[in-house]
Amino acid sequence: TAAAEPARRAADAVTPDTPPDTACRALSLAGYVAARTGRAQQARDLLTRAANYGGNDVWLSMGTGILAQRSGGIEQAVSSFTDATRLDPRRAECWRRLGDALRAAVEPDLAVDAYRRAASLSDRDPRLRSRLAEALVEAGRHADAVAEFRAAAALAPGDPQFAALPAVGLANAARTEAEYSEAVRQVTVAVAARPHQTRLRTILANLHMRFWRWPAARAQIEACVAEHPETASNWRNLAIVADRMGDPAAARLASARFDRLVDLRIEGVHQQERILEVGPNVPALARLAAVFRQLGKTREAVRALEQAASLAPDDAAVQQGLAEARAADAAGAADAIPGEGPDQP
């Protein structure tokens, strides 16, 4: 990022004669930037040095929280981002990251409060309103979520990423046959406008499933697994729908694919644990990236390969894999629904 080089230079300029508060700020900011850009080991080193000065710095808390969340330490992430909101309560990013961590911790009501604070500090950011809406859905507050989805779309008129959000809100909130019919109509229009956005198809499929429209649900799910066979939840839903439709062979096949993807997730966790135990190395990071790619987690794959590239900058295979992962991540980001799922910082 643009901030990376100035932050690194400021950290490099720290000497034993640097005033403690200045040293802590320079090292903390550089560590935060390194954490954001996927250079985990460099971030840990810088943040550890910053912590040795004993100061309280918002960037130290933010960087520590990012590293914790990426490594699965959700409780530590919540604690660190909470510290960040105390140290700089006027910074929207602190509240947004706290909201993301609370969603990952399955605390949607607390996440709603955090996102509301973030949105109040940055009231023209549609992504914050979208995140707030998703947290409201998870908290079961569907009517409030519909209003926030509409607000997010209104803040980004003409942006196709946000145009579908009101329809998503209606789909989540539908409880009557009339609401179901209207939600189906609006989400179908959104799918027609962006036919390759599988998340919209998944929302439509889930809506059909809630109202027991099994053939309609199956059609959407089968389109999803054809487009993105790496998404475990789609195979699980296909198994459920096939079973309800009296197709046990298809249900067994879908269940087997779901189990394979779950096994891959477990392998990814074990690979991360091994890297933490023995330290990052190119083969382990490359294997972890391959697992992430099979799971469709392109952003995580990019971060693993960026770390591998920092260890072996002349490794042609790593560089090629990194280029491919970045291209896949960019393609996925261009067709994403804003606010979908807790953000991985």
Side-chain angles (χ1 to χ4, degrees), residues 1 3-4 7 11 21 24-139 141 148 152 269 272 276 297 299-300 303 338-345:
T1 65
D21 288 348
C24 183
R25 167 52 60 98
L27 293 166
S28 295
L29 181 56
Y32 159 79
V33 171
R36 279 197 62 178
T37 53
R39 292 170 288 133
Q41 190 56 53
Q42 182 183 18
R44 288 189 190 93
D45 293 342
L46 289 163
L47 294 171
T48 298
R49 289 175 61 196
N52 288 337
Y53 283 91
N56 287 325
D57 190 278
V58 64
W59 301 118
L60 175 59
S61 295
M62 292 281 275
T64 301
I66 291 170
L67 290 180
Q69 190 164 353
R70 284 187 181 166
S71 63
I74 302 302
E75 184 176 346
Q76 175 61 55
V78 170
S79 176
S80 295
F81 293 137
T82 299
D83 287 343
T85 62
R86 176 179 55 81
L87 292 164
D88 194 349
R90 300 293 302 169
R91 186 175 296 277
E93 185 189 357
C94 298
W95 293 101
R96 191 270 291 173
R97 289 191 181 276
L98 176 58
D100 291 344
L102 287 166
R103 284 181 71 189
V106 198
E107 294 284 0
D109 288 306
L110 295 177
V112 166
D113 294 338
Y115 287 138
R116 285 202 189 280
R117 287 292 299 270
S120 72
L121 294 167
S122 184
D123 60 4
R124 304 302 300 171
D125 186 345
R127 292 183 180 276
L128 289 177
R129 303 298 286 270
S130 180
R131 279 184 162 89
L132 172 57
E134 289 292 338
L136 286 164
V137 169
E138 291 163 8
R141 296 161 61 180
E148 292 300 334
V269 170
Q272 288 174 295
L276 289 173
K297 296 179 177 295
R299 186 169 303 177
E300 290 85 344
R303 289 168 179 157
E340 270 290 319
D343 182 58
Q344 297 301 308

Checklist entry - Minimum heavy-atom separation for C24 to D57, with atom names? => result SG-CB, 4.1 Å
Next on the checklist: Could you report the tightest heavy-atom contact between Y32 and L47, atom names first, then the distance?
Outcome noted: N-CD2, 4.1 Å
Checklist outcome for this item: The salt bridge (Lys or Arg N to Asp or Glu O under 4.0 Å) partners of E93 (sequence neighbours excluded) come to R97
Checklist entry - Do the side chain of T48 and the main chain of R44 share a donor and acceptor less than 3.5 angstrom apart? => result yes
Item to check | CG-CG distance between D21 and N56, expressed to the nearest 0.5 angstrom | outcome: 10.0 Å
Next on the checklist: Within this structure, what is the CD-CG distance for the pair Q41 and L46, rounded to the nearest 0.5 Å?
Outcome noted: 10.0 Å
Item to check | Non-hydrogen side-chain atoms of D45 and Q42 separated by less than 4.5 Å | outcome: no
Checklist entry - Does the T85 side chain pair with the main chain of T82, one donor and one acceptor, at a distance under 3.5 Å? => result yes
Checklist entry - How about C94 and M62: do any of their side-chain heavy atoms sit closer than 4.5 Å? => result yes
Checklist entry - Just wondering, do V33 and R39 contact through their side chains at under 4.5 Å, heavy atoms? => result yes
Item to check | Verdict with supporting geometry, E138 and V112, side-chain contact (heavy atoms from CB on, under 4.5 Å) | outcome: CA-CA 10 Å; E138 291 163 8; V112 166; over 6 Å; no
Checklist entry - Is there a side-chain contact between D113 and W95, using heavy atoms and a 4.5 Å cut-off? => result no
Checklist entry - Between R70 and R36, is there a donor-acceptor pair closer than 3.5 Å when you use the side chain of the first and the backbone of the second? => result yes
Checklist entry - If you take all heavy atoms of A139 and D109, which pair is closest and at what distance? => result CB-OD1, 3.4 Å
Next on the checklist: Between E148 and R116, does any NZ, NE, NH1 or NH2 come within less than 4.0 Å of an OD or OE carboxylate oxygen?
Outcome noted: yes
Checklist entry - How far does CG of L98 sit from CZ of R117, to the nearest 0.5 angstrom? => result 10.5 Å
Checklist entry - Distance only, no hydrogens: is a donor on one side chain within 3.5 Å (strictly under) of an acceptor on the other, for D100 and Y115? => result yes
Item to check | Closest contact, heavy atoms only, I66 versus F81 | outcome: N-CZ, 3.5 Å
Checklist outcome for this item: dist I74:CD1 -> L102:CG (nearest 0.5 Å) comes out at 10.0 Å
Item to check | Nearest heavy-atom neighbours spanning R103 and A111 | outcome: CG-CB, 3.6 Å
Checklist entry - Does any N or O in the side chain of S122 come within less than 3.5 Å of the main-chain N or O of A119, such that one atom is a donor and the other an acceptor? => result no
Next on the checklist: I need the S61 OG to L87 CG distance, nearest 0.5 Å.
Outcome noted: 5.0 Å
Item to check | Audit row: R91, L121, side-chain contact (heavy atoms from CB on, under 4.5 Å) steps and yes/no | outcome: CA-CA 7 Å; R91 186 175 296 277; L121 294 167; over 6 Å; no
Item to check | Nearest heavy atoms of S130 and A152, plus distance in Å | outcome: N-CB, 3.9 Å
Item to check | side chain to side chain contact (heavy atoms under 4.5 Å, CB included), paired with R96, selected from L128, D125, L132 | outcome: L128
